[in-house]
Amino acid sequence: MSRTAPDRRTWRPRTATDGVYYAVARSEEVLRALPVAAADRAAASGLPPWRAAEHTASRTLLRALLRETGEGLTDELGEAFAGGLGRGFAAGLGGGLTDEAAGGSSGVDFPGVDLPGVDFPGGPVAARPGGRPYLPGRPDLGVSLSHSAGWVAAAVGRNRDVGVDVQVPAAVGDRLLRFCCAPADADALTVMAEDRRRREFAWIFTAQEACVKAVGAGFAARPWTVPVALGQRAGTWEGVRWSAPRERQPVPVACAWTERAGPAGTRVA
């Protein structure tokens, strides 16, 4: 049975910086287009249907990014990906992914494939006590997952911690606006039309969430304190860099990353 390829307009893998990659897509498109790893399917078996879809889709998207960056499968599924899926998802790092610094864009097309789900070398996608995902046996790779109302995002970083967040715009009250935004920005958001206010706030909050996820702290790091201005598309916070380019993005999504690990525990940009 053949799977339907995701819409090119909504599947835009990107290069955030050297060694950091992320992608966002609809859950249903990911699950139609790509085989789900057996470990991911088993882990989601006891979840409610909507949560199982988010769980498997986000991890399936992450596995696709891992294969894209040369960190993925080398067995039957990996060979199939390289020969079929890979021609659509990744024409190589020079052509398959969008380099944000260059301002480019690249669509992705997945040929149909129907193979049993298997794991990439290094084991399953596991979670630490606080919920942060990681790859057992691959401490050199940082990974992050996100989901929101039928959308999923995934990020991977070489020798870096990463955070990714996707937010489908939703209603937001004045109290939350003023809690997360600078006073002048909250005032500006308050007088905007409803649709625009929802979307602009979602862009702010994705950057805030991505930053705290990059340091592995989540809400304990109080994401609302991360300074993100209305319309801002990149910035820094507590040694973390983030990027939220809006060109051709179907929903608000942001990616954040730490500095690379250097010799003897040092950090390099």
For this session: Test Q249 against V24 for side-chain contact (heavy atoms from CB on, under 4.5 Å), laying out the working first.
Result: CA-CA 9 Å; Q249 290 285 27; V24 59; 3.8 Å; yes

Exercise. How far apart are the C-alpha atoms of L176 and F201, what are their side-chain angles, what is the distance that settles it, and do they pass the side-chain contact (heavy atoms from CB on, under 4.5 Å) test?
Worked result: CA-CA 10 Å; L176 185 58; F201 178 78; 3.8 Å; yes

Problem set entry | Spacing of C211 atom SG and E238 atom CD [to the nearest 0.5 Å] | 10.0 Å

Exercise. Relative to Y134, does R128 satisfy both conditions: NZ or CZ under 6.0 angstrom from the six-membered ring centre, and within 45 degrees of the ring's axis?
Worked result: yes

Exercise. Can you tell if the side chain of V228 reaches within under 4.5 Å of the side chain of W237, non-hydrogen atoms only?
Worked result: no

Exercise. Hey, are R233 and E247 close enough for a salt bridge, meaning a charged N less than 4.0 Å from a carboxylate O?
Worked result: yes

Problem set entry | Side-chain heavy-atom pair R63, D40 within 4.5 angstrom cut-off | yes

For this session: Kindly indicate, with the supporting measurements, whether the criterion side-chain contact (heavy atoms from CB on, under 4.5 Å) is fulfilled by L141 and L66.
Result: CA-CA 10 Å; L141 295 178; L66 289 165; 4.0 Å; yes

Exercise. What's the spacing between C180 SG and R222 CZ if we round to 0.5 Å?
Worked result: 11.5 Å

Problem set entry | Backbone N/O of V226 and side chain of Q208: donor-acceptor pair under 3.5 Å | yes

For this session: Taking all heavy atoms of A256 and all of A210, pick out the closest pair and write down the distance.
Result: CB-O, 3.4 Å

Exercise. Looking at CH2 of W151 and CD of E29, how far apart are the two atoms once the value is rounded to the nearest 0.5 Å?
Worked result: 6.5 Å

Exercise. Which heavy-atom pair separates P245 from W203 by the least distance, and what is that distance?
Worked result: O-CH2, 3.6 Å

Problem set entry | Minimum heavy-atom distance G142-V162, with the two atoms named | O-CG2, 3.4 Å

Problem set entry | Test log, rule side-chain contact (heavy atoms from CB on, under 4.5 Å), inputs S243 and W257 | CA-CA 9 Å; S243 175; W257 60 93; 3.9 Å; yes

Problem set entry | K213 side chain vs C255 backbone, donor-acceptor pair below 3.5 Å | no

Seminar exercise, completed: Note: P133 and V125 closest approach over all heavy atoms is CB-CG1, 4.3 Å

Problem set entry | Side-chain heavy atoms of L177 within contact of T190, under 4.5 Å | yes

Exercise. So, do I204 and L230 sit near enough that their side-chain heavy atoms are less than 4.5 Å apart?
Worked result: yes

Exercise. Between V253 and Y22, is any pair of side-chain heavy atoms under 4.5 Å apart?
Worked result: yes

Problem set entry | Sidechain N-carboxylate O distance under 4.0 Å for R198, E194 | yes

Problem set entry | Ion pair D185/R178, N-O distance below 4.0 Å | no

Seminar exercise, completed: All heavy atoms of S148 vs all of V168, minimum pair found to be OG-N, 2.9 Å

For this session: Would you please test D161 and R132 for salt bridge (Lys or Arg N to Asp or Glu O under 4.0 Å) and show each step?
Result: CA-CA 11 Å; D161 290 322; R132 185 177 193 173; 3.5 Å; yes

For this session: State the CG-CZ distance between D174 and R197, to the nearest 0.5 angstrom.
Result: 9.0 Å

Exercise. If you measure from OG1 on T206 to CG on D165, what distance do you get to the nearest 0.5 Å?
Worked result: 6.0 Å

Problem set entry | R241 side chain near T17 side chain, heavy-atom distance below 4.5 Å | no

Exercise. Charged N to carboxylate O below 4.0 Å: is that the case for D18 and R158?
Worked result: no

Seminar exercise, completed: Closest heavy-atom pair, S27 versus V152, reported as atoms and distance to 0.1 Å, is OG-CG1, 3.3 Å

Problem set entry | Side chain to side chain, P169 and P252, heavy atoms closer than 4.5 Å | yes

For this session: Rounded to the nearest 0.5 Å, what's the gap from OG on S144 to CG on L62? Could you check?
Result: 9.0 Å

Problem set entry | Side-chain donor/acceptor of T60 to backbone N/O of A57, under 3.5 Å | no

Exercise. In terms of heavy-atom contacts, does CZ of R196 have more than 12 from other residues, nucleotides or ligands at under 6.0 Å?
Worked result: no

For this session: Evaluate the side-chain proximity of Q232 to W242: yes if any heavy-atom separation is below 4.5 Å, no if none is.
Result: yes

